[in-house]
Amino acid sequence: MFSIMANTMRPLMNLLLAKTWLQTEKLPRDRGFIVCANHYSEIDPVLVGHMLYNNGFPPHFLAKGSLFKLPFVGKAMSGSKQIPVDRSGPTAGRALVVAQEVLDEGGAIIIYPEGTLTRDPDLWPMRGHTGAARLALQTGAPVIPVAHWGAQEVFPRYARMVRPLPRKRVTMVVGDPVDLDRFRDRPLDKTLLHEATEAILDEITALLVGLRGGTPPAERWDPAEHNQTGQGRKLEQDPKDHK
């Protein structure tokens, strides 16, 4: 199922973008792993998925459980073993079960710690969510940081149209596994998960500095402190939400 989808998308992505992939030999070959990447363009999942697929790892994403109920989409997602997430429903624990199956089979799970496209004005990684750290510590799977740069030239954040010409280049680099040993065998409370998430984002940011140069902000952008939404295309909070 995934091969059908991938072989449909790859020619289009090759037409739109030139790609440079660095240090892909760091992708583990002996066990399943979690990929955590920066997120600044809506085509990021396709790009990271393309890199993994070309290196022999069909990518697996976390997706809303409701999508699995759609006739065609649901069959495609189940057939390619994507991971349903339903925090409030009766199948809330299903995500961990499927994720563990993917990892046990040596698969790669892609999670964006930021949860959505960064709100940072300069596209640096913003404040993260703890899902990736929680899954890594629950399963023992290594977290592989990945950074990429260039996708904003072909599909800017929240753009309505692709900018295919002239042909753009995206550069992506794979890092060493994030050292999470100091967080293992401890209660998975809010403080620990936040610290582990920061460790993951630190590694992603360091890789990104190597690609784009510049200096990231001393403190990560926090949407809540700037009256911004935490999810979706709408950036600004509605004042009535604070009443």
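This is a predicted model, so every value here is computed, not measured. One-based numbering along the sequence shown.
To the nearest 0.5 Å, atoms CG (Leu117) and CE (Met126) are separated by 8.0 Å.
At a threshold of 4.5 Å between non-hydrogen side-chain atoms, the residues Phe33 and Leu52 count as touching. Residues Pro45 and Ile110 have side chains not in contact (no heavy-atom distance under 4.5 Å, counting atoms from C-beta outward). You'll find the side chain of Pro216 reaches within 4.5 Å of the side chain of Val209, heavy atoms only. Proximity of Trp221 to Pro121: side-chain heavy atoms (C-beta onward) are separated by under 4.5 Å at one or more points.
A donor-acceptor pair under 3.5 Å is absent between the side-chain atoms of Gln23 and the main chain of Gly175, judged by distance alone. A donor-acceptor pair under 3.5 Å is formed between the side chain of Arg167 and the backbone N or O of Leu17. Side chain of Gln152 to backbone of Gly150: a donor-acceptor contact under 3.5 angstrom is found.
Taking the charged nitrogens against the carboxylate oxygens, Arg220 and Asp202 do have a contact shorter than 4.0 Å, which makes a salt bridge.
Under the 30°/60° scheme for interplanar angles, the aromatic rings of His50 and Trp21 are found to stand perpendicular.
Considering Leu135, Ile111, Leu180 as possible partners of Val143, the one that fulfils the side chain to side chain contact (heavy atoms under 4.5 Å, CB included) test is Leu180. Between Arg127 and the options Asp120, Asp222, Thr118, a side-chain hydrogen bond (donor to acceptor under 3.5 Å, both in side chains) holds for only Asp222.
Legend: residues meeting ring pair (Phe, Tyr, Trp, His ring centres under 6.0 Å) with Tyr112, ordered by chain and number and at least two apart, are His39.
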